Amino acid sequence: MYSKKVLFFALTLILLIAIFTQNMFALTEYNIPKAVKAPVLDGIVSSGEWDNALKVVMDASKGNIPTANEPSFFTPGSSFNYMWADDGLYFYADIKDNTAPGTAPEYGAALNSGDGIQIGIHTAEDSADGGSGQHLFFTFHPKTSNGDPDIFEHFAINGNVNGTCKIAVKFEGNSFLIEGFIPFSTFDKITPAIEFKTGAKLYIQCVIMDDVDGTQAIYTDGWWFNGEKNAVYTLTDTQAGAIETIAETTTAEAETAETKTETTTPTVKPAAQTFDILLLGTLSAAISAAGVFTVNKIRSKKSK
């Protein structure tokens, strides 16, 4: 009877550990809808043009910012919003900021400083850092030392990409909105190559940069150089953007369709396979230990 209680306790403990660690290492999954019409990049979210876009809220209270130096500077409510089209990835970042930057970053040079955003993208779950040619990492500054915004890719291109990527900016006090575009042709610089179509997956990291009177703060919802530890974004054929405008030129049924608003409740996927193997090994070892402990107890009881 005693041995059964010990075994039951051991197996219950193992199950609780498995559930806890699985949740710790679970990855977030999002779906990016497809724009029926590309938004106008003017720094203004006009009526309808971003309807149903994926919205990823950067919120420290939700635990989706594992890296945050100077966390006291963080202003809640910022978000990254995404749609895709046949030519590339469209986004706008709505950044809430209660503090003024000390100085504007130097045009084309200060890559991890000042106020702005960064977006890191891997095309495979097991891809590594930019030095291996498997990672695009962009800095988008809304305003630099010469008064203009700039875009810089850190690794695969290692240079200013204002002529390739596009952004438009609008300030409201210290807060700002960046509306932008990353063409899929940019991904020719990294491996593995993927076909940008419904079902394609990107591993994306969203970053907010905040300069507070010369002290730099950086907040991210992912990991810097590990595709497998970033959220998974799947391109879908769900419509987004100016849906009603397009509907007017199609069928009568489409004309009466209501614009949907996506609720971005993320799902989670199991951790990388290497972790599953480690977890199975841990469970096996724990079960073996529980068995040995039980057998020893039985033998001890019989010897008395």
Side-chain angles (χ1 to χ4, degrees), residues 28-58 78-95 117-123 136 138 140 142 149 151 153 161-170 176-188 190 193-206 221 230-267:
T28 304
E29 288 189 335
Y30 295 108
N31 292 324
I32 302 180
K34 188 173 185 179
V36 296
K37 182 180 180 181
V40 177
L41 301 182
D42 55 6
I44 301 172
V45 178
S46 301
S47 177
E49 69 175 353
W50 285 93
D51 283 354
N52 206 37
L54 170 66
K55 182 175 183 178
V56 179
V57 177
M58 300 286 281
S78 296
S79 66
F80 286 70
N81 304 263
Y82 294 99
M83 299 187 297
W84 73 285
D86 291 335
D87 56 348
L89 185 66
Y90 289 85
F91 69 91
Y92 80 85
D94 185 8
I95 306 302
I117 65 168
Q118 296 175 318
I119 298 177
I121 308 176
H122 297 262
T123 54
L136 287 171
F138 298 94
F140 300 90
I151 315 168
E153 198 289 317
V161 289
N162 282 337
T164 305
C165 301
K166 302 181 185 301
I167 60 171
V169 179
K170 182 180 179 181
F176 56 89
L177 187 146
I178 296 179
E179 200 173 21
F181 170 68
I182 302 172
F184 287 144
S185 59
T186 310
F187 290 79
D188 294 342
I190 63 172
I194 66 170
E195 185 178 356
F196 291 97
K197 61 180 183 179
T198 299
K201 296 183 183 299
L202 299 173
Y203 302 82
I204 298 178
Q205 173 193 12
C206 304
D221 69 346
N230 285 323
V232 184
Y233 290 70
T234 302
L235 306 185
T236 72
D237 58 4
T238 302
Q239 288 188 339
I243 300 172
E244 292 182 349
T245 301
I246 298 299
E248 291 172 359
T249 64
T250 58
T251 65
E253 180 181 356
E255 289 177 356
T256 60
E258 294 182 0
T259 300
K260 299 177 182 178
T261 301
E262 180 179 345
T263 57
T264 58
T265 302
T267 57

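The structure presented is a predicted model; accordingly, all values stated were derived computationally and were not measured. Heavy atoms only: backbone and side chains are in, while hydrogens, waters and symmetry mates are out.
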Q.
Let me confirm one number: the CD-CD distance from Q118 to Q205, rounded to the nearest 0.5 Å.
A. 7.5 Å
(Q) How long is the straight-line distance from CZ of F187 back to OG1 of T123, given to the nearest 0.5 Å? (A) 7.5 Å
Q: For the pair F80 and D221, evaluate side-chain contact (heavy atoms from CB on, under 4.5 Å) and give the outcome as yes or no after the intermediate values.
A: CA-CA 11 Å; F80 286 70; D221 69 346; over 6 Å; no
Q: Determine whether L136 and T186 make a side-chain contact, defined as any pair of heavy atoms from C-beta on separated by less than 4.5 Å.
A: yes
Q. Mind checking whether F91 and F138 have ring centres under 6.0 Å apart?
A. no
Q: Could you tell me the separation between the NZ atom of K201 and the OG1 atom of T234, rounded to the nearest 0.5 Å?
A: 3.0 Å
Q) Hey, what do you get for CD1 (I117) to CG (D94), rounding to the nearest 0.5 Å? A) 10.5 Å
Q. Roughly how far, to the nearest 0.5 Å, is CD1 of I121 from CG of N230?
A. 10.5 Å
Q. Hey, do the aromatic rings of W50 and Y92 have their centres closer than 6.0 Å?
A. yes
Q.
Restricting to non-hydrogen atoms, name the atom on E179 and the atom on G43 that form the minimum distance, rounded to 0.1 Å.
A. OE1-N, 2.9 Å
Q: Check the pair S79 / N81 against side-chain contact (heavy atoms from CB on, under 4.5 Å), numbers first and verdict last.
A: CA-CA 6 Å; S79 66; N81 304 263; 3.2 Å; yes
Q. Do you know which two heavy atoms are closest between F181 and G88, and how far apart they sit?
A. CE1-CA, 3.6 Å
Q. Does some side-chain heavy atom of L89 sit less than 4.5 Å from a side-chain heavy atom of F196?
A. no
Q: Identify the heavy atoms of Y233 and C206 that sit nearest to each other, and give their distance.
A: OH-SG, 3.8 Å
(Q) Salt bridge or not between K34 and D86? Use side-chain N to carboxylate O under 4.0 Å. (A) yes
**Q.** Closest contact, heavy atoms only, E49 versus D42
**A.** OE2-OD1, 4.5 Å
Q. Between atom CD1 of I32 and atom CD1 of I204, what is the distance when rounded to the nearest 0.5 Å?
A. 4.5 Å
(Q) If we ignore hydrogens and angles and just use 3.5 Å, is the side chain of E29 paired with the main-chain N or O of V232 as donor and acceptor? (A) no
Q.
For a quick test of reading the model, state the closest non-hydrogen atom pair linking A53 to A240 and the distance between them.
A. N-CB, 4.2 Å
Q: Would you sort out whether I182 and V161 count as a side-chain contact (heavy atoms from CB on, under 4.5 Å), showing the intermediate values?
A: CA-CA 10 Å; I182 302 172; V161 289; over 6 Å; no
Q | Non-hydrogen atoms of P33 and L54 that approach each other most closely | A | CD-N, 3.7 Å
Q.
For a 4.5 angstrom cut-off between non-hydrogen side-chain atoms, does N52 reach T238?
A. yes
Q) Is N162 reaching over with its side chain to a backbone N or O of I151, donor-acceptor style, under 3.5 angstrom? A) yes
Q.
Can you confirm if the aromatic rings of Y82 and Y30 lie within a centre distance of less than 6.0 Å?
A. no
